[in-house]
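Below is one structure, written out as structure tokens; comments come after it.
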Amino acid sequence: MAPKTARVTRNPELIPGVRKISRSQMYHKRGLWAIKAKNGGKFPQHDKAAAAPPAVEKPPKFYPADDIKKPLSNTRKPKPTKLRASVTPGTLLIILTGRFKGKRVVFLKQLSSGLLLVTGPYKINGVPLRRVNQAYVIGTSTKVDISAVNVDKFDDKYFAKQVEKKKKKGESEFFEGEKEEKNALPAEKKDDQKAVDASLVKAIESVADLKSYLGARFSLKAGMKPHELVF
């Protein structure tokens, strides 16, 4: 290996930060004044060279030992759920599944997620404001005037559950056992339910026998043929 040659400079450093020749003397010695005068008092500026295209990576000679799964491209865009023609605001529906199976409820509006916003009302049959999939309801021919009911504030975010972080248990709490804490319904939601029920019950009581109809649970008895029933 050839020995390194010492770098020779025209302006050696005498001590750190001090050169032999000053900046102004070096300016004239290098002839920078002539270059500047030749170009109209400015130093010439050269255009930047175009960036070289990225090198194409060569495919590997051997396949990897393990299969590498590539994510599939999904270009599907969800379409808004189409509401059935038999379900309109104010229509009485029959819930077919879940906690309130067989209950009759009043349809208020369709939410952005496609779910139906319904209520009993709670004062009549105990069904609160809740979301229901239209696949699990039967639309009836009975309707109620809900023009006085204000449902503008209800959306999917209104029904979102609050996620609570789990608390770390100490030694004393670990041996006590788990205690189930019931989530209390906020007072704001209780007031919203009362406000909806107040205006809805007035419209229901103006129709004869409608209050008792909503309070009764729907069920099939022996000999009844569902496909021949008219709701």
Side-chain angles (χ1 to χ4, degrees), residues 1-85 87-89 107-118 129-136 150-171 173-174 181 183 185-189 192:
M1 185 175 179
K4 292 183 179 180
T5 56
R7 184 182 175 186
V8 179
T9 176
R10 297 172 64 184
N11 190 12
E13 194 175 30
L14 300 178
I15 59 174
V18 179
R19 297 273 179 182
K20 183 179 180 181
I21 305 172
S22 64
R23 289 176 61 188
S24 59
Q25 289 177 336
M26 202 66 192
Y27 177 82
H28 288 278
K29 189 173 183 179
R30 292 177 62 190
L32 297 176
W33 59 273
I35 298 172
K36 196 172 182 180
K38 187 178 179 181
N39 292 277
K42 295 181 180 179
F43 286 109
Q45 293 182 352
H46 301 284
D47 296 334
K48 292 183 179 180
V56 180
E57 294 183 3
K58 294 182 178 180
K61 295 182 178 180
F62 304 98
Y63 291 103
D66 299 328
D67 293 334
I68 302 173
K69 294 184 179 180
K70 294 183 178 180
L72 300 176
S73 60
N74 185 9
T75 58
R76 178 183 174 275
K77 295 181 179 179
K79 296 181 180 178
T81 307
K82 187 178 180 182
L83 191 63
R84 286 191 312 207
V87 180
T88 55
F107 169 61
L108 300 177
K109 72 171 184 178
Q110 186 181 27
L111 303 176
S112 58
S113 62
L115 300 176
L116 310 182
L117 176 65
V118 299
L129 285 162
R130 61 187 290 108
R131 297 176 295 175
V132 182
N133 193 323
Q134 65 175 336
Y136 303 112
N150 186 11
V151 291
D152 294 336
K153 69 177 297 183
F154 302 109
D155 53 6
D156 291 305
K157 293 181 181 179
Y158 181 85
F159 296 95
K161 293 183 179 180
Q162 295 181 354
V163 180
E164 297 181 357
K165 294 183 179 179
K166 293 184 178 180
K167 298 179 181 179
K168 292 184 178 180
K169 295 183 178 181
E171 293 182 1
E173 296 177 355
F174 182 79
E181 296 180 358
N183 295 327
L185 190 68
E188 183 184 357
K189 291 192 175 183
D192 294 339

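Numbers here simply count residues along the sequence, with the first being 1.
Within 6.0 Å of NZ on K153 lie more than 12 heavy atoms contributed by other residues, nucleotides or ligands. Counting non-hydrogen atoms of other residues, nucleotides and ligands closer than 6.0 Å to OH of Y27 gives a total above 12.
Shown here for E13 and I15, the closest heavy-atom pair between the two residues is CG-O, 3.1 Å. Residues I35 and P44 approach most closely at CG2-CD, 3.9 Å, considering heavy atoms. A pairwise comparison of heavy atoms in R10 and R30 identifies NH1-CG, 4.2 Å as the closest pair. Listed here is the closest heavy atom pair of N74 and R76: OD1-N, 3.1 Å. Minimum interatomic distance between K109 and D152 (heavy atoms only, all atoms of both residues): NZ-O, 4.1 Å. Taking every heavy atom of both residues into account, L14 and R19 meet most closely at CD1-O, 4.0 Å.
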For a side chain to side chain contact (heavy atoms under 4.5 Å, CB included) check, start with the C-alpha distance between R131 and D156, then their side-chain angles and the critical distance, and finish with the verdict. CA-CA 9 Å; R131 297 176 295 175; D156 291 305; 3.2 Å; yes
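Side chains of D155 and S112: no donor on one and acceptor on the other come within 3.5 Å.
Side-chain contact between K20 and P12: present, with at least one pair of heavy atoms (C-beta onward) separated by less than 4.5 Å. For the pair L116 and L83, the minimum side-chain heavy-atom distance is below 4.5 Å. Counting heavy atoms from C-beta outward, F43 and L32 have side chains that approach closer than 4.5 Å.
To the nearest 0.5 Å, the span separating NZ on K29 from CD1 on I21 amounts to 3.5 Å.
With sequence neighbours excluded, the residues that form a ring pair (Phe, Tyr, Trp, His ring centres under 6.0 Å) with Y158 are F154.
The one candidate from T81, L115, L117 that meets the side-chain contact (heavy atoms from CB on, under 4.5 Å) condition with Q110 is T81.
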